Amino acid sequence: MTITKKQNGTALEIALEGRLDTATAPELEQEVKTSLDGVTELTFDFENLEYISSAGLRVLLTAKKLLHGIGPVKVIGCNEMVKEVFAVTGFDQILTVE
């Protein structure tokens with residue numbers, strides 16, 4: 001998995017390429033935890049994400065909790081398979097999925 005970060009003021013975008021699974025989720029979790037200082041809006045760009053597992057969903061939930069009361073967490077660019085995972089698990093009700 002490749003992680004690319006872009007920050008514009010207090011808005012942070014994290015783009016992922018590859019698979020977000022048990023093997024790669026800890027790397028993303030570390031990136032999220034060390035990158036949120038001063039961030040009030042977090043966007044995950046999943047345009048090039050092929051797959052997400054429950055471990056990946058847990059990282060998104062952690063990000064949502066860390067920004068609770070501070071700002072929004074949204075996901076953009078999901079393929080149909082990732083959107084289906086969000087729908088089946090109810091994560092499309094927890095996060096803004098565009």
Side-chain angles (χ1 to χ4, degrees):
M1 180 181 68
T2 304
I3 301 171
T4 306
K5 298 188 300 185
K6 297 178 197 169
Q7 188 151 0
N8 184 10
T10 60
L12 176 63
E13 180 179 289
I14 299 176
L16 302 180
E17 184 176 339
R19 296 172 57 90
L20 180 53
D21 54 25
T22 305
T24 57
E27 179 185 358
L28 178 60
E29 184 171 23
Q30 186 62 32
E31 282 291 333
V32 168
K33 287 181 176 180
T34 60
S35 300
L36 292 183
D37 191 31
V39 170
T40 61
E41 180 181 338
L42 178 59
T43 302
F44 289 98
D45 181 349
F46 284 179
E47 183 177 346
N48 296 309
L49 187 71
E50 301 164 7
Y51 171 83
I52 188 168
S53 73
S54 60
L57 293 174
R58 184 182 53 77
V59 175
L60 298 180
L61 188 58
T62 298
K64 178 74 173 174
K65 287 179 181 179
L66 290 171
L67 282 177
H68 181 73
I70 297 171
V73 176
K74 65 181 176 179
V75 180
I76 61 172
C78 297
N79 66 33
E80 289 305 314
M81 187 174 69
V82 173
K83 281 183 182 177
E84 186 176 332
V85 170
F86 283 130
V88 168
T89 60
F91 268 69
D92 59 349
Q93 302 300 310
I94 298 170
L95 302 169
T96 302
V97 180
E98 298 176 358

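This structure is a prediction, so every number in the text was calculated from the model and none was measured.
- Taking NZ of Lys74 as the reference point, atom CG of Leu60 lies at 15.0 Å (rounded to 0.5 Å).
- Here Thr10 pairs with Thr40 under the side chain to side chain donor-acceptor pair (under 3.5 Å) rule; sequence neighbours left out.
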Pairs under 3.5 angstrom only: tabulate donor-acceptor contacts from the side chains of residues 77-84 to other protein residues two or more places apart or in another chain.
{"residue": "Asn79", "atom": "OD1", "partner": "Met81", "partner atom": "N", "Å": "3.0"}
{"residue": "Asn79", "atom": "OD1", "partner": "Val82", "partner atom": "N", "Å": "2.8"}
{"residue": "Asn79", "atom": "ND2", "partner": "Leu49", "partner atom": "O", "Å": "3.0"}

Evaluate side-chain contact (heavy atoms from CB on, under 4.5 Å) for Glu13 paired with Ile76, printing each intermediate quantity in order.
CA-CA 10 Å; Glu13 180 179 289; Ile76 61 172; 4.3 Å; yes

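- Ring orientation note: the planes of Phe91 and Phe86 are tilted relative to one another, at an angle of 30° to 60°.
- Of all the heavy atoms in Ala25 and Ala55, the pair that sits closest is CB-O, 3.7 Å.
- Residues meeting the side chain to side chain donor-acceptor pair (under 3.5 Å) test with Thr24, sequence neighbours left out: Asp21.
- One finds the CD1 atom of Ile52 at 9.0 Å from the CZ atom of Phe44 (value rounded to the nearest 0.5 Å).
- Evaluation of the side chain to side chain contact (heavy atoms under 4.5 Å, CB included) rule for Ser54 yields no partner, not counting sequence neighbours.
- In this structure, Ile14 and Thr4 have side chains that are not in contact, with every pair of non-hydrogen atoms separated by 4.5 Å or more.
- Cluster membership for Tyr51 and Phe46, using ILVMFWY side-chain heavy atoms within less than 4.5 angstrom, is not shared.
- With rounding to the nearest 0.5 Å, the separation of CG in Asn48 from CE in Met1 is 13.0 Å.
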Less than 3.5 Å apart, which donor and acceptor atoms pair up between the side chains of residues 30-39 and the rest of the protein, not counting sequence neighbours?
{"residue": "Glu31", "atom": "OE1", "partner": "Lys5", "partner atom": "NZ", "Å": "2.9"}
{"residue": "Lys33", "atom": "NZ", "partner": "Glu29", "partner atom": "OE2", "Å": "3.4"}
{"residue": "Thr34", "atom": "OG1", "partner": "Gln30", "partner atom": "O", "Å": "2.9"}
{"residue": "Thr34", "atom": "OG1", "partner": "Glu31", "partner atom": "O", "Å": "3.3"}
{"residue": "Ser35", "atom": "OG", "partner": "Lys5", "partner atom": "NZ", "Å": "2.7"}
{"residue": "Ser35", "atom": "OG", "partner": "Glu31", "partner atom": "O", "Å": "2.6"}

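- To the nearest 0.5 angstrom, Ile3 atom CD1 is 6.0 Å from Leu16 atom CG.
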Identify all side-chain donor-acceptor contacts of residues 64-71 below 3.5 Å with residues at least two apart in sequence or on another chain.
none

